[in-house]
Structures are given as structure tokens and as C-alpha cells.
Amino acid sequence: MSPATAAGSQNRALRFFEATIVKKAIVAVTGAVMFGFVTGHLLGNLQVFLGPERINAYSAFLKSNAELLWGARITLLIALFAHIAMTIQLWQIKNAARPVGYVKKNNSHSSLAARTMYYSGPVILAFVIFHLLHLTLGTVHPHYSETDVYANLVYGFLQWPVAVSYIVAVGLLCLHLRHGISSMFQTLGFNHPRHTPRIQAAASVISALFFAGYASIPLAVMTGVVRLSSMSL
Amino acid sequence: MNLTLHVWRQAKASAPGRMERYEAKDVSPDMSFLEMLDVVNEKLIADGKTPITFEHDCREGICGSCGFMINGVAHGPKSGTTVCQLHMRSFKDGDELYLEPWRAKAFPVLKDLMVDRNAFDRIIAAGGYITARTGSAPDGNAIPVPKASSDQAMDAAACIGCGACVAACPNASAALFSGAKISHLGLLPQGQAERERRALRMVAQVKAEQFGNCTNIGECEAVCPKHIPLAVIARMNRDYLKASWKDRGAVKQDESA
């Protein structure tokens with residue numbers, strides 16, 4: 001292979017990531033990975049309604065398999081980083097593409113979820129950081145225990161500002177998902193006259209169910225449905 | 001009917017512009033929007049002022065020349081029409097209308113409501129063609145085309161290149177335009193020879209023209225006077241991703257040519 005060819009193929013590789021379609025495809029794939037996590041996390045969390053033994057055993061099971069746990073964590077971290085990095089680049093491209101804005105602009109044809117992706121994203125990120133400090137590392141938690149996730153959750157959500165901000169954050173997450181779930185198909189090139197409306201309907205239903213599922217946990221703690229046996233309410 | 005117009009006035013590409021207010025009096029509801037502007041311009045000329053520049057040609061919605069924002073909507077409030085096909089009956093007496101040119105870095109304002117859309121021509125030149133044999137006209141049915149493909153290709157080919165998709169897109173993306181052009185040839189048997197190269201080159205040209213990226217938001221589809229569907233963007237994404245994945249040395253020879 002001549003040096004010129006090598007340089008050419010390197011340029012091609014660079015050009016591959018230069019294209020906005022490729023950047024957007026990376027956002028879609030990493031979004032799909034994180035959607036997978038959000039699904040598993042919800043199913044895990046809902047075990048709180050099955051009692052402390054069940055969810056604590058589930059937590060112990062996750063922590064017992066270090067390879068799997070750290071494999072998932074590293075995958076998610078890479079996905080999160082790539083998702084954000086590509087979005088920032090696309091945001092810069094978009095801003096450069098319209099240096100002079102409109103005096104009047106009507107954007108009523110697109111959904112609220114689609115229009116607020118750039119705003120819901122950073123709020124979700126801020127929430128994820130707080131959430132990790134709160135319930136994974138325990139740094140900002142009042143009574144953190146390494147083994148009793150059930151108690152962590154109950155004590156955590158008994159602080160009403162935490163519970164309310166959690167509900168707001170999962171609301172924004174589900175708004176983000178409502179556009180993201182269907183948008184990733186379009187980005188990766190799948191659009192079908194019969195299936196695309198079904199995917200969009202499914203995205204609305206899934207995001208509404210996810211919101212109900214996630215919000216039910218702080219609500220259950222605040223209303224006393226989920227509580228500690230040692231607590232007298 | 002009487003209307004108040006707020007129009008973007010800009011003397012030339014390099015000059016700063018601003019919104020100016022005009023009164024359009026005794027407008028007939030049967031006039032087209034461009035005819036209403038013609039009347040406003042007649043009065044401006046009679047008063048010794050510079051008339052409002054706007055682009056127009058066929059005035060029957062097939063050339064793609066006319067087009068500007070009316071109250072923040074590309075081609076105005078009526079779906080599936082260009083500005084020339086929009087009639088004053090779509091408005092009511094006393095309405096205040098804001099007329100602005102398409103806004104995109106790739107579409108510099110030349111004067112008032114007229115923008116330079118040569119970027120679209122350069123995108124077409126980059127790959128919007130097929131290789132056809134010369135000589136006598138081929139027999140009409142010599143190449144079988146599946147009905148579904150022919151219908152979808154025709155839907156995409158309806159694009160008149162007016163630029164409304166770019167203007168309406170919050171990202172100033174040209175994805176609907178380039179998607180329509182890539183789909184319309186890519187769906188037909190005659191377009192298969194250059195299918196991958198076309199996707200690579202046209203997408204690269206879109207980027208070079210500094211259009212924005214697509215966020216699948218759907219504002220373009222809503223204002224497109226030809227109702228080009230978002231499906232063409234998915235098809236472009238598919239063709240591009242496939243072609244750039246396969247483009248590992250194969251196009252090399254072609255590039256040096």
C-alpha cells in the first residue's frame with residue numbers, strides 16, 4: 001500500500017465521523033443502549049413493591065457479579081459520553097447553520113418532546129449525577145447503607161424535595177424517550193408507512209408507562225405504601 | 001381587505017437589513033399573495049421608493065422560485081402550496097403579516113426576500129444524475145419498474161427545490177431536499193449504478209454547504225409544498241450509512257478521476 005493510499009483511507013475514516021448522519025447514528029445507537037438500561041433499571045426498582053428482602057437480594061446479586069456489573073457500567077459510561085459528545089457537535093453544526101434567526105418562527109408542527117431534546121438532556125444528566133451520589137455512592141444520602149438498598153430508598157424519598165425532583169427528572173427522561181425511541185429508527189434508516197406510526201404510538205405508550213413506573217416509587221414512599229417495618233407512621 | 005406587512009428589507013447581500021412596515025390597502029381576497037405584493041410594489045414605485053424584491057417565475061407552484069416566511073411559516077399558512085398558490089382569502093381583514101427570507105448560512109440573502117439557493121444546485125451537481133446511454137430514445141417499458149418503487153420515486157421527484165424545508169427546520173438542515181433527490185433516483189433501476197456514490201457525494205456536498213443536521217423533528221414535512229415525506233430522509237440515512245461502510249477503498253479510483 002502506498003503512503004498516498006494510507007492517507008486516503010485515513011481521510012475516509014475521518015470523513016465517516018465528519019458526516020452528521022453518522023454522528024446522529026451514534027446518538028441513536030448509544031441512546032438505544034441507555035434505553036436498554038433504563039428498562040432494566042425500572043424492572044429492578046419495581047421489586048421494591050415485593051418487600052425489602054426481594055430488592056436487597058436483587059441488589060446483592062448484581063453486586064456479586066463484578067465483571068457483569070463493571071462491564072455494564074463501562075458500556076453505559078461510554079454510551080453516555082458518546083451520546084453527549086456527538087450531541088454537542090451537532091448542536092454546534094446546527095447553530096452555525098443559521099447565524100441570523102427569524103423575527104417570527106412557528107414550530108407548531110413538531111412535538112414538544114422533539115423540540116426540547118437539547119434541554120431535557122442536560123437536566124437528565126444533572127439528575128443522573130445527583131442520583132449516583134444519592135443512591136449509588138451515598139455521599140449526599142442521610143442514612144446510607146451499603147447493603148440495605150430498600151432502606152436507602154425509603155430514607156432518600158422521605159425527604160420531599162428529593163422525591164419531587166426525582167419525579168420531575170423522570171418526567172423529563174420520559175419526554176426525552178418519547179422522541180428518542182421512535183427517532184432512532186428514522187436515524188438508522190427505518191421508515192415504513194405501516195410500522196412507523198406503530199413505533200411512534202409505542203414510544204408514547206412506553207414513555208408513559210415508564211413515567212408511571214418510576215414515579216410510583218417516590219409516591220409510594222411519600223404516601224407510606226412503601227415503608228420500613230421499624231418505622232412508626 | 002386591509003393588511004399590515006412587516007417586511008425584511010436588505011439592499012444587498014453585504015448590507016445590514018431590518019423589518020419595515022407597509023400598509024396594503026384594498027386587497028382583493030381573490031389575489032394571490034404575490035399579486036398582493038405586486039400591488040404594494042406598484043405603490044412603492046409610484047411613491048419613488050424601492051419595491052420589495054421577491055423571487056418568482058411560474059406562479060403555478062411548479063418552479064420552486066418563490067418562497068418566504070409568512071408569520072414564521074414557510075410558504076404561509078396553507079398546507080401543500082407555494083406562496084404563489086396562496087390566496088389572500090386565507091387571511092382576514094386587519095391581519096399583521098411578517099415576511100422574512102429563508103434563514104440559513106447556506107442561503108445568503110441577496111436582497112429583501114430573495115436568497116441565493118445555488119447550494120441546492122451544487123448538491124444536485126454532486127450526484128443527482130444517472131448515467132444514460134446516448135442514441136435513440138429507449139423503449140418506454142424496456143426496464144421493468146415495480147409499481148411501489150415508481151410511486152415512491154415519483155413522490156420524491158415532486159421536490160421543486162424551493163428551500164422551504166431548510167427554512168422551516170430549526171437546524172437549517174437540507175435533509176428533506178437531499179433525501180428527496182437521493183430517494184428519487186435511488187428507487188429506480190436506472191439510478192442503481194451510482195446509488196452509493198450518489199449518497200456519499202450529495203451528503204458530503206450538503207455538509208460542505210454548511211447546512212445543519214437532521215433531528216427528525218418534522219417541521220420540513222409540514223411546510224413542504226409537495227408533501228415530501230420524512231421517509232426520504234430515512235432512505236438517505238440508510239443509503240449513506242451503507243455506502244460509507246462499504247466505502248473502504250472502493251471509491252478511491254473514482255475520486256482521483
Side-chain angles (χ1 to χ4, degrees), chain A residues 1 4-6 8-9 11-13 15-25 27-29 86-87 89-111 113-118 179-180 182-193 196 200, chain B residues 6 8 17 19 69-73 77 98 100 103-106 109 166-175 199-200 203-204 206-207 210-223 229-242 244-245 247-249 251-252 255-256:
Chain A
M1 191 190 272
T5 328
S9 60
N11 286 343
R12 257 196 299 283
R15 252 203 329 268
F16 182 71
F17 290 103
E18 278 288 294
T20 61
I21 292 176
V22 174
K23 290 186 200 293
K24 194 72 169 50
V27 174
V29 171
M86 290 299 124
T87 307
Q89 291 185 10
L90 290 173
W91 163 268
Q92 288 167 336
I93 291 169
K94 149 205 153 80
N95 284 341
R98 181 166 290 143
V100 183
Y102 291 107
V103 174
K104 265 201 175 199
K105 180 72 174 76
N106 178 326
N107 284 329
S108 60
H109 296 291
S110 45
S111 69
R115 270 179 281 132
T116 52
M117 291 301 270
Y118 282 118
H179 176 71
S182 58
S183 178
M184 63 175 95
F185 286 91
Q186 169 83 5
T187 298
L188 296 175
F190 184 84
N191 185 310
H192 187 279
T196 297
Q200 283 165 347
Chain B
H6 299 269
W8 181 262
M19 297 299 281
M69 305 297 275
I70 303 173
N71 283 350
V73 182
Y98 285 76
E100 294 176 78
R103 292 291 189 194
K105 182 153 175 76
V109 174
V166 174
C169 178
N171 313 316
S173 167
L200 291 174
V203 169
V206 169
K207 172 99 173 127
Q210 294 182 287
F211 285 106
N213 57 298
C214 176
T215 51
N216 307 330
I217 202 163
E219 291 289 345
C220 53
E221 186 184 48
V223 299
L230 281 185
V232 300
I233 299 178
R235 181 169 286 278
M236 167 178 70
N237 292 348
R238 193 157 73 230
D239 275 10
Y240 182 82
L241 289 170
K242 214 186 273 178
S244 57
W245 182 249
D247 172 37
R248 295 193 298 265
V251 190
K252 188 67 201 159
E255 276 170 357
S256 54

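Note on naming: letters A, B, ... go to the chains in the order of the sequence lines (proteins, then strands), and numbering restarts at 1 for each one. Heavy atoms only: backbone and side chains are in, while hydrogens, waters and symmetry mates are out. Since the model is a prediction, treat every value here as computed from it, not as a measurement.
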Please name the pair of heavy atoms, one in [X] and one in [Y], separated by the smallest distance, quoted to 0.1 Å.
X: A/His109; Y: B/Ala222; result: CG-CB, 3.1 Å
X: B/Ala172; Y: A/Ala97; result: CB-O, 3.5 Å
X: B/Ile217; Y: A/Ala114; result: CG1-CB, 3.7 Å
X: A/His179; Y: B/Asn216; result: CE1-O, 3.3 Å
X: B/Ala104; Y: A/Pro99; result: C-CD, 4.5 Å

Highest number of heavy-atom pairs under 4.5 Å with chain B: which of A/Leu188, A/Val103, A/Thr196, A/Ile93?
A/Val103

Among A/Ser111, A/Gly101, A/Ala25, single out the residue with the greatest number of heavy-atom pairs under 4.5 Å to chain B.
A/Gly101

Is there a donor-acceptor contact under 3.5 Å from the side chain of [X] to the main chain of [Y]?
X: B/Asn237; Y: A/Gln186; answer: yes
X: A/Arg98; Y: B/Ala167; answer: yes
X: A/Lys104; Y: B/Ile70; answer: no

Are side-chain heavy atoms of B/Met236 and A/Ile21 found at a separation under 4.5 Å?
yes

Which region of B/Glu100, side chain (C-beta onward) or backbone (N, CA, C, O), has a non-hydrogen atom less than 4.5 Å from a non-hydrogen atom of chain A, or is it both or neither?
side chain

Please flag which part of B/Tyr240 lies under 4.5 Å from any non-hydrogen atom of chain A: side chain, backbone, both or neither.
side chain

Rounded to the nearest 0.5 Å, how far does [atom2] of [Y] lie from [atom1] of [X]?
X: A/Lys24; Y: B/Asn213; atom1: NZ; atom2: CG; value: 7.5 Å
X: B/Lys207; Y: A/Thr20; atom1: NZ; atom2: OG1; value: 6.5 Å
X: B/Asn71; Y: A/Tyr102; atom1: CG; atom2: OH; value: 13.0 Å
X: B/Glu219; Y: A/Asn106; atom1: CD; atom2: CG; value: 7.0 Å

Under 4.5 Å to a heavy atom of chain B? For A/Thr187 that would be both

Contacting region of A/Phe190 [heavy-atom separation from chain B under 4.5 Å]:
backbone

Highest number of heavy-atom pairs under 4.5 Å with chain A among B/Ala231, B/Gly72, B/Pro229, B/Gly218 belongs to B/Gly72

